[in-house]
Student: 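Take a look at the following structure, please.
Bear in mind the structure is a predicted one, so any value in this text is a computation, not a measurement. Note that these values count all heavy atoms, side chains included, but never hydrogens, waters or copies made by symmetry. Throughout, a chain's letter reflects where its sequence line sits, starting with A, and its residues are numbered from 1.
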Amino acid sequence: MAEIDLQKIVSHCKEYGFIFPSSEIYDNLGAVYDYGPFGAELKNHIKEYWWKSMVQMNENIVGIDAAIFMHPTTWKASGHVDSFSDPLIDNKDSKKRYRADVLLEEKIDKLKEKGEKELAKKNLLQDSEEEKAKASRDYAKGVTLENAYKQAAEASDFKRYKELIEEYEIVCEVSGTKNWTDVRQFNLMFNTQLGSVSEESNTIYLRPETAQGIFVNFLNVQKTARMKIPFGIAQIGKAFRNEIVARQFIFRMREFEQMEMQFFVRPGTQKEWFDKWKQTRLKWHLALGTSPEKLRFHVHEKLAHYADAAEDIQFRFPIGFKELEGIHSRTDFDLSEHQKYSGKKLQYFDSELNQNYVPFVIETSIGLDRMFLRILSDALKEETLENGETRTVLNIPPALAPIKVAVLPLVKKDGLPEKAREIIDTLKFVGRTFYEEKDSIGKRYRRMDAIGTPYCITVDHQTLEDNTVTIRERDTMQQDRIAISEIEKIVGSKVDMNNLLRKALAE
RNA sequence: GCGGAAGUAGCUCAGCUGGUAGAGCGACAGCCUUCCAAGCUGUAGGUCGCGGGUUCGAACCUCGUCUUCCGCUCCA
């Protein structure tokens, strides 16, 4: 079987109406993609699988749908305003990238250290800053730079950063040169204006993650749905990040969709819930029939500021093992921060313990678009058949397939099309159906293979006599003769989302 | 953002030392066909990514720009 690379998947998506580059007639909008007719169906089915397994199947999880716009302070509290934007500078010779603020701070320290060594010889270390500066030229330089840097930092004057870097002859440690680019600030959050034009105070952000919509609604949800800890809040929604480098098709996009759930637990129990959700989520992935070797856990070595444990579920994409879903133990960081910034209590009264506390949070967060890519990477195959021919087939899990069943008259005469139409009318409740009478039957089978339709029903002359049809299965290409009255049951049970859910939830 | 490569039909790609575009597959319509991309006939679809320059003349040379891919970097 031929190896499928990302390029093949991109072509297939384009050719068969799964995914198009955004605004293609205007030469694309970078790292933004649109879902076409079959893509939208598949994406919706993935959402359905996730939502049902999380919300419908768990009594203690409820769903919400929070707005993309949020109060600007939200992002101060979450830490995104501060740590989502760094002033960066590149050395043109070594191509190394540095944080401009770090370069300057290091220089300040170096100058001061040098000065202190000098002062130590003169036994002047105990003196005040001013005295030190008077006695040592290096130390004085360090202090001057420090002041200039602080001033520039307060004013967010990045041009000044560069001037200082040049003035103080900071060199790249790799190339040793002073050939720097301008300092640029990359804020990963998109912003826009709310309300009247050009009022600076009304700058708001497009959310860079969906999670905060859940945290700020914690009490609303807990009280109105009368939830008792431990419980979860789930949601599916768009998030936006102005990635510096956004590439690899829909793997990293500027506008993307997350499916995430925040699970609120009693402090101290987070470890056990963390482990539980890891296993639950892995099972959800495995139920789709993916071979276990393509999935693995990956432990974060560097933890984000809010987490006390974090692991990813990685999938082996054609571009290698990459993050698909994150499971994070977020502690009480988010709720505590919002409590601090809003001045409102975000606590839960635990009647068993008879006390109030800020709950701890376990988050499961999966990229919907990544999930989509994972399904396609797993499903797209170029098979070589016994007769030497090849066929392109998408063996998508039937419950997720865009089209569930196609009905095909063997020839388009002798009343076969009419009979086929009659049959297809009875199958509407199974899911999306497809009717096709053009071209040879083999060609039509292959076309259905290419978009992942699990079943084809073929109507022939015998059908008119005894009401039986041929049912052809996508993966095995096997054909059986069955009664028309059986189609709905056979196809229906195979494509039924509930059967997939049963597998995901089975112990 | 840096370096490298590439942009020609829906997809995959030809296109010579400059002379205003082709193939295979696909799509659409019809004919023929009793079960795995068959055959026949016909049709549609491209200002060669975009913009300047050189030239009598540019898909081809040149400059710029955008987009995509690979590497670096980054990644809550």
Student: Taking the six-membered ring for Trp, are A:F317 and A:F251 parallel (under 30°), tilted (30 to 60°) or perpendicular (over 60°)?
Tutor: perpendicular

Student: Going by the angle between their ring planes, with limits at 30° and 60°, are A:F372 and A:Y35 parallel, tilted or perpendicular?
Tutor: perpendicular

Student: Using Watson-Crick or G-U wobble geometry with both distances under 3.5 Å, which nucleotide pairs with B:A21?
Tutor: none

Student: Please state how far atom CZ in A:F249 lies from atom C1' in B:C69, giving the value in whole angstrom units.
Tutor: 13 Å

Student: Nearest whole Å is fine: how far is B:C70 P from A:L6 CG?
Tutor: 7 Å

Student: Could you check whether the side chain of A:D460 and the base of B:C35 have a donor-acceptor pair of N or O atoms closer than 3.5 Å, going by distance alone?
Tutor: yes

Student: Can a side chain N or O of A:K443 be found less than 4.0 Å away from OP1 or OP2 on B:G26?
Tutor: yes

Student: With a 3.5 angstrom cut-off on both distances, give the Watson-Crick or G-U wobble partner of B:C32, or none if there isn't one.
Tutor: none

Student: If you measure from the C1' atom in B:G10 to the same atom in B:G46, how many Å do you get, rounded?
Tutor: 12 Å

Student: Roughly how far apart, to the nearest Å, are B:G71 and B:A59 at atom P?
Tutor: 34 Å

Student: What nucleic acid atoms does A:F251 come within less than 4.0 Å of, heavy atoms only: base, sugar-phosphate, or nothing?
Tutor: nothing

Student: Closest to the A:S11 side chain: B:A27, B:U12, B:G49?
Tutor: B:U12

Student: Is there a Watson-Crick or G-U wobble partner for B:A44 with both distances under 3.5 Å, and which nucleotide is it?
Tutor: none

Student: Please state how far atom CG in A:D369 lies from atom P in B:C75, giving the value in whole angstrom units.
Tutor: 21 Å

Student: Does A:Q258 or A:H461 map to a spot on RNA chain B nearer the 5' end, using the closest nucleotide for each?
Tutor: A:H461

Student: Please pick, from B:C66, B:C70, B:C36, the nucleotide with the shortest atom-to-atom distance to any side-chain atom of A:Q248.
Tutor: B:C70

Student: On RNA chain B, does the nearest nucleotide to A:E436 precede the nearest nucleotide to A:L385 from the 5' side, or the other way round? Give the residue.
Tutor: A:E436

Student: Checking all strands, does A:S365 fall into the base, sugar-phosphate, or nothing category for heavy-atom contacts under 4.0 angstrom?
Tutor: nothing

Student: Within 45° of the ring axis of A:W277 and under 6.0 Å from its six-membered ring centre, is that where the NZ or CZ of A:R281 lies?
Tutor: no

Student: Taking the same atom, C1', in B:A27 and in B:G64, what whole-Å distance lies between them?
Tutor: 37 Å

Student: With C1' as the reference atom in both, quote the distance from B:G7 to B:C60 in angstrom, rounded to an integer.
Tutor: 14 Å

Student: Ignoring hydrogens and angles, are the base of B:C75 and the side chain of A:R241 linked by a donor-acceptor pair under 3.5 Å?
Tutor: no

Student: If you check every side-chain atom of A:Q7, which of B:U12, B:U34, B:G10 has the closest atom?
Tutor: B:U12

Student: What's the OH-C1' distance between A:Y26 and B:C50, to the nearest Å?
Tutor: 14 Å

Student: Is A:D425 salt-bridged to A:R421, cutoff N-O under 4.0 Å?
Tutor: no

Student: Using only side-chain N and O atoms of A:S440, determine if any of them is under 4.0 Å from OP1 or OP2 of B:A38.
Tutor: yes

Student: In the structure I gave you, are the side-chain heavy atoms of A:Q212 and A:D334 within less than 4.5 Å of one another anywhere?
Tutor: yes

Student: Looking only at atom P, what distance separates B:U68 and B:G53, rounded to whole Å?
Tutor: 28 Å

Student: So, OP1 or OP2 of B:C75: does either fall under 4.0 Å of a side-chain N or O from A:K322?
Tutor: no

Student: Determine whether a donor-acceptor pair (one donor, one acceptor, N or O, separation below 3.5 Å) exists between the side chain of A:T470 and the base of B:C35.
Tutor: yes

Student: Between the base of B:C36 and the side chain of A:R444, is there a donor and acceptor pair under 3.5 angstrom?
Tutor: no

Student: Using purine N1 to pyrimidine N3 plus N6-O4 or O6-N4 for Watson-Crick, or N1-O2 and O6-N3 for G-U wobble, each under 3.5 Å, what pairs with B:C69?
Tutor: B:G4

Student: Rounding to an integer number of Å, can you tell me how far A:L464 CG sits from B:U34 P?
Tutor: 14 Å

Student: Using the C1' atom as the point on both nucleotides, what is the distance between B:A9 and B:G45, in whole Å?
Tutor: 6 Å

Student: Taking the side chain of A:K438 as its heavy atoms from C-beta onward, which of B:A29, B:U12, B:C36 lies nearest to it?
Tutor: B:A29

Student: Side chain of A:E15, heavy atoms from C-beta onward: which of B:A37, B:C70, B:C11 has the nearest atom to it?
Tutor: B:C11

Student: Would you mind telling me which of B:C35, B:U67, B:G30 lies closest to the side-chain atoms of A:K412?
Tutor: B:G30

Student: How close or far is atom P of B:C11 from atom CD1 of A:I451, stated in whole angstroms?
Tutor: 18 Å

Student: Indicate yes or no: does A:E257 engage A:K47 in a salt bridge with an N to O separation below 4.0 Å.
Tutor: yes

Student: In whole angstrom, give me the gap between the P atoms of B:A14 and B:A23.
Tutor: 16 Å

Student: Kindly say if A:K14 contacts the phosphate of B:G10, meaning a side-chain N or O under 4.0 Å from OP1 or OP2.
Tutor: no

Student: Which nucleotide wins on minimum distance to the side chain of A:R447, given the candidates B:A27, B:U67, B:C36?
Tutor: B:A27

Student: Just how far, in rounded Å, is C1' of B:U67 from CD of A:E24?
Tutor: 11 Å

Student: Identify which nucleotide among B:U34, B:U33, B:C36 has an atom closest to any side-chain atom of A:L410, counting heavy atoms from C-beta outward.
Tutor: B:U34

Student: What's the gap between B:G24 and B:C40 when it is taken at their P atoms, as a whole Å value?
Tutor: 12 Å

Student: Strictly by Watson-Crick or wobble contacts shorter than 3.5 Å, is anything paired with B:C61, and which nucleotide is it?
Tutor: B:G53

Student: Quick check, are the ring centers of A:Y33 and A:F249 under 6.0 angstrom apart?
Tutor: yes

Student: Suppose we call two aromatic rings close when their centres sit under 6.0 Å apart. Are A:F218 and A:F264 close by that rule?
Tutor: yes

Student: For A:N28, answer base if it contacts any base atom (sugar-phosphate contacts may also be present), sugar-phosphate if it contacts only those atoms, and nothing otherwise; contact means non-hydrogen atoms under 4.0 Å.
Tutor: sugar-phosphate

Student: Apply salt bridge (Lys or Arg N to Asp or Glu O under 4.0 Å) to residues A:E486 and A:R481 and explain how you reach the verdict.
Tutor: CA-CA 10 Å; A:E486 287 182 296; A:R481 192 94 203 161; over 6 Å; no

Student: When the distance from CD of A:Q479 to C1' of B:U34 is rounded to whole Å, what number comes out?
Tutor: 12 Å

